[in-house]
Amino acid sequence: MNRRRPTLLAALTLTATAALTLSACGSDDGAAKDSDKIAGADTGSATSAAPSPSETGTADRPKISFPSDAKNVFEYEKTGNATKDAALADSTLSVNSVDEAIFEGSTDTKALGFYNAESALSESITYASGYIKKNHTWVGETRYFDYKVSLSGDLEAYVTYCSDESKSFIKDKKTGKVKDTPTTADSYVLYHAKLAKNTEGVWQTTDIASTRGSKECQP
């Protein structure tokens, strides 16, 4: 497999799935679904890997930067619901914040604790630390797609999405060697994320679960 993200609570997967099923059946206002990246595109087309924080309304949002040889691409269409669109945008920034910690070689970045909280934050720190301790980073492009979002009240959201890691690879910082792994079913991952809106208006990811090799995400 190529890389990546933490696997968290199985219970979250069930909760998120139930919430999204209800949404798809007409609860809420009906929007556009183990392990291991900028604000979403208006039309679902590919975006650059250096996100602009302009979508969500807090003046002090930390800037996230990526090296030139790594990129996350988020493909989704805006729902037309301002709350859902804000949650979607912040969910992508949560992903980017974890990768930035890997690139920086430190979990003490501003963005990591800004876009993640509770168990998602602790698991993300553990995940990024695994890369840092091994002196690893990653290069290439990871594509995120098939987004679905539902709301539970005004302060809680569930987002599911897929990732395609077939074009991203682990790199040894010391030797510069890139591990050229083949594309398999494990290159595709299904994520269920739970987000909560904090007092600053930021939709923080509080829990995230993933299923590597999910058939839902495979081409």
Side-chain angles (χ1 to χ4, degrees), residues 5 12-13 15-33 37-66 71-100 110-121 124 142-163 190-210 216-217:
R5 235 170 181 73
L12 169 64
T13 306
T15 304
T17 302
L20 288 159
T21 301
L22 288 172
S23 176
C25 294
S27 169
D28 206 43
D29 61 347
K33 180 109 85 201
K37 270 196 121 298
I38 334 199
D42 290 13
T43 62
S45 60
T47 66
S48 129
S52 167
S54 61
E55 296 249 358
T56 52
T58 291
D60 298 326
R61 286 174 173 266
K63 182 179 179 180
I64 298 175
S65 59
F66 275 32
K71 180 168 69 171
N72 285 328
V73 175
F74 300 98
E75 298 176 351
Y76 69 85
E77 295 183 1
K78 287 186 176 180
T79 67
N81 178 298
T83 303
K84 288 183 175 182
D85 291 339
L88 282 169
D90 279 351
S91 74
T92 68
L93 291 169
S94 166
V95 172
N96 280 348
S97 72
V98 179
D99 283 325
E100 183 191 44
K110 291 182 179 179
L112 192 61
F114 191 91
Y115 291 109
N116 302 279
E118 299 179 18
S119 63
L121 176 58
S124 293
T142 302
R143 183 172 69 97
Y144 293 86
F145 61 100
D146 199 15
Y147 276 82
K148 296 181 178 64
V149 58
S150 67
L151 302 177
S152 178
D154 297 328
L155 301 177
E156 192 170 88
Y158 293 94
V159 178
T160 67
Y161 54 94
C162 294
S163 72
L190 174 66
Y191 294 95
H192 296 277
K194 179 181 178 181
L195 293 84
K197 187 177 182 180
N198 68 13
T199 56
E200 295 180 301
V202 179
W203 285 92
Q204 294 181 304
T205 297
T206 57
D207 280 310
I208 185 167
S210 59
E216 291 183 52
C217 297

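Just so we're clear, the structure is a prediction, and the values are computed from it rather than from any experiment.
- The backbone N or O of N116 sits nowhere less than 3.5 Å from a side-chain atom of S94 that would complete a donor-acceptor pair.
- The minimum heavy-atom distance linking A193 with Y161 is given by the pair CB-CE2, 4.5 Å.
- For the pair E100 and S65, the tightest heavy-atom approach, listed with the atom from each and the gap, is OE2-N, 3.2 Å.
- Interatomic distance, Y158 OH to K84 NZ, rounded to the nearest 0.5 Å: 14.0 Å.
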Derivation of the side chain to side chain contact (heavy atoms under 4.5 Å, CB included) call for V159 and Y76:
CA-CA 12 Å; V159 178; Y76 69 85; over 6 Å; no
Report the C-alpha separation of I64 and Y115 in whole Å, then their side-chain angles, then the decisive distance to 0.1 Å, and conclude whether the side chain to side chain contact (heavy atoms under 4.5 Å, CB included) test is met.
CA-CA 11 Å; I64 298 175; Y115 291 109; 4.1 Å; yes
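- Between R61 and D90 a salt bridge is recorded (basic side-chain N to carboxylate O distance below 4.0 Å).
- Looking only at distances, a side-chain donor or acceptor of S119 sits under 3.5 Å from a matching main-chain atom of T206.
- Here T83 contributes atom OG1 and L155 contributes atom CG; the two are 9.5 Å apart, rounded to the nearest 0.5 Å.
- Within the 4.5 Å cutoff, side-chain heavy atoms of N81 are placed close to those of L151.
- A donor-acceptor pair is defined here as one N or O able to donate and one able to accept, closer than 3.5 Å; no such pair exists between the side chain of E75 and the backbone of D146.
- Two residues are said to be in side-chain contact when any heavy atoms from C-beta on lie closer than 4.5 Å; V98 and L112 meet this criterion.
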